[in-house]
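Below is one structure, written out as C-alpha cells; comments come after it.
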Amino acid sequence: MSCSALGRRLVACLLNISEARRRDLVETVARSAITDTHGKKREGITVLNIFNDVDYNRSVITIAASIDLIREAVLSACERACSLIDMNVHEGIHPCMGAVDLVPLYPLGEEVSLEDCGKVAQALATALTERVTGTSVFLFGWADSPQCRGLAKRRKEIGWFKKVLDMSTIQPDVGPQPTRKYGVTGVGASPYVMNCNVTIDTQDLAVGRIVASAIRESSPSGIPGVQVMALPHAGAVEIACNVESFQGGPPSLSYGEEKWPSFTIGGQNFCHAPASLITARVAELARHHGVAIKGTALVGFTPRECQRLAEGALSNGIGEFWKELQRVHM
C-alpha cells in the first residue's frame, strides 16, 4: 500500500482480549507491546488504537510494526493479558473463548505476503503456549497450513458460537487441552478484516437475526466478505460485522453506486465492502420491520487508514499513538 521503506514491511495485529471494564488493565496490556520487561521502550512498535466495549467486555488493541518485530511485541501483550484475565469470572454479551481471544495478523506492506504472516503467526502460537503454561491455540487463515480454513469456519468447528462451551471437547492445534482460566486463543493470518457494527433501534433480537442473516456472505442476497452476528447491545440490537477483504476487484453483481476500497498485497489486488454499503443494506432491511438504525461504528481503521497511520506513528517514534488520536475511532 505504500512505496516508502518503512511502509513496505508493515504488519498489523488487531489483538482481541476478553476485558473492557477495567480500562487500566487494557492499557497495561497495550503498553506491554511497546515496552520490554524492564519498562524500556521498544523501537519500531506502535499501538494505534484501543477500542473498548463494556457490554461485550471485549477490547481490540491495534498493534503495528514491521514483520521482523511484530511477533515479540504481540507475544508480550498476550503474556500480560493471560496474567491479568481469568475466564472463570468473565462476563460479557459477545461470544469469546479465551483471555486472549483472537490474534489476527494482517499484511500492510508491499513486501509482506500472507504466507509470511502465516509463518509468524505459527511461531507466535507455539511461543505463547511455551511461555504461558496452560494456554492453547487454534490456527486459522494462512497460519492453518495447508487447509487455510477461515476464522468463521474454525470458530464453528471449535464451538465458539455455543452459549455454554465445553472445554473438554476442544482439540487445539497447539498446546494442551484448554483450561477454563485461559480458554483457547485463535491465532492466524489473513487479508485485513474490518469491523463494522450497525445498531438498530429495537430490543427484538429476532429482527436483528433476520437482518444479519440477509447480509451474511453465505446468503443469496448477502454482501461478499461479510460475516455477521446480531447481539443485544446498550438497550438495542447490534448487527456486528466482520468485513473480510478478498482477492480481486469489486463483485460484478449490483451493489449500488458504492465504491469498494481496494489495496495490494504482494502485487495482488484485494478489496472489501464499504461501511456505507453495509449501513444502507441494514437500514433497508430493518425498515421492512418498522425499525430505524441508530448509527454505525467502525472498530479501528480501514486497511489504507491503518497503514497510513502506522507509517506516521512509527516515523515519529510514537508508541502510544492511541493517545494522539484527535477523533475517536469506534
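Contacts of Arg180 classified as salt bridge (Lys or Arg N to Asp or Glu O under 4.0 Å), with partners at least two apart in sequence or in another chain: none. For Lys181, the salt bridge (Lys or Arg N to Asp or Glu O under 4.0 Å) test picks out no residue, with sequence neighbours left out. Among residues two or more places apart in sequence or in another chain, the side chain to side chain donor-acceptor pair (under 3.5 Å) test is passed with His233 by Asp53. Looking at residues two or more places apart in sequence or on another chain, you find no side chain to side chain donor-acceptor pair (under 3.5 Å) involving Arg21. Under the side chain to side chain donor-acceptor pair (under 3.5 Å) criterion, Asp24 pairs with no residue, sequence neighbours left out. Checked against side chain to side chain contact (heavy atoms under 4.5 Å, CB included), Glu43 has the following partners two or more places apart in sequence or in another chain: Lys41.
Applying the salt bridge (Lys or Arg N to Asp or Glu O under 4.0 Å) definition to pairs two or more places apart or across chains, none involves residues 195-207. Pairs passing the salt bridge (Lys or Arg N to Asp or Glu O under 4.0 Å) check and including a residue from residues 134-149, sequence neighbours excluded, read Asp144-Arg149, Arg149-Glu157. The list of salt bridge (Lys or Arg N to Asp or Glu O under 4.0 Å) pairs with a residue in residues 58-67, not counting sequence neighbours, reads Arg58-Asp101. The list of side-chain hydrogen bond (donor to acceptor under 3.5 Å, both in side chains) pairs with a residue in residues 240-249, not counting sequence neighbours, reads Asn195-Asn242.
Of all the heavy atoms in Ala12 and Leu108, the pair that sits closest is CB-CD1, 3.7 Å.
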List the atom pairs, with distances to 0.1 Å, where a side-chain N or O of residues 73-84 and a protein N or O form a donor-acceptor pair under 3.5 Å, not counting sequence neighbours.
from  : atom 1 : to     : atom 2 : distance (Å)
Ser76 : OG     : Arg42  : NH2    : 2.6
Ser76 : OG     : Glu72  : O      : 3.0
Glu79 : OE2    : Arg131 : NH1    : 3.0
Ser83 : OG     : Arg80  : O      : 2.7

Distance-only donor-acceptor hits, side chain of residues 293-301, under 3.5 Å, sequence neighbours excluded:
from   : atom 1 : to     : atom 2 : distance (Å)
Thr296 : OG1    : Thr279 : OG1    : 2.7

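In this structure, Lys119 does not pair ionically with Glu115, as no charged nitrogen and carboxylate oxygen lie closer than 4.0 Å.
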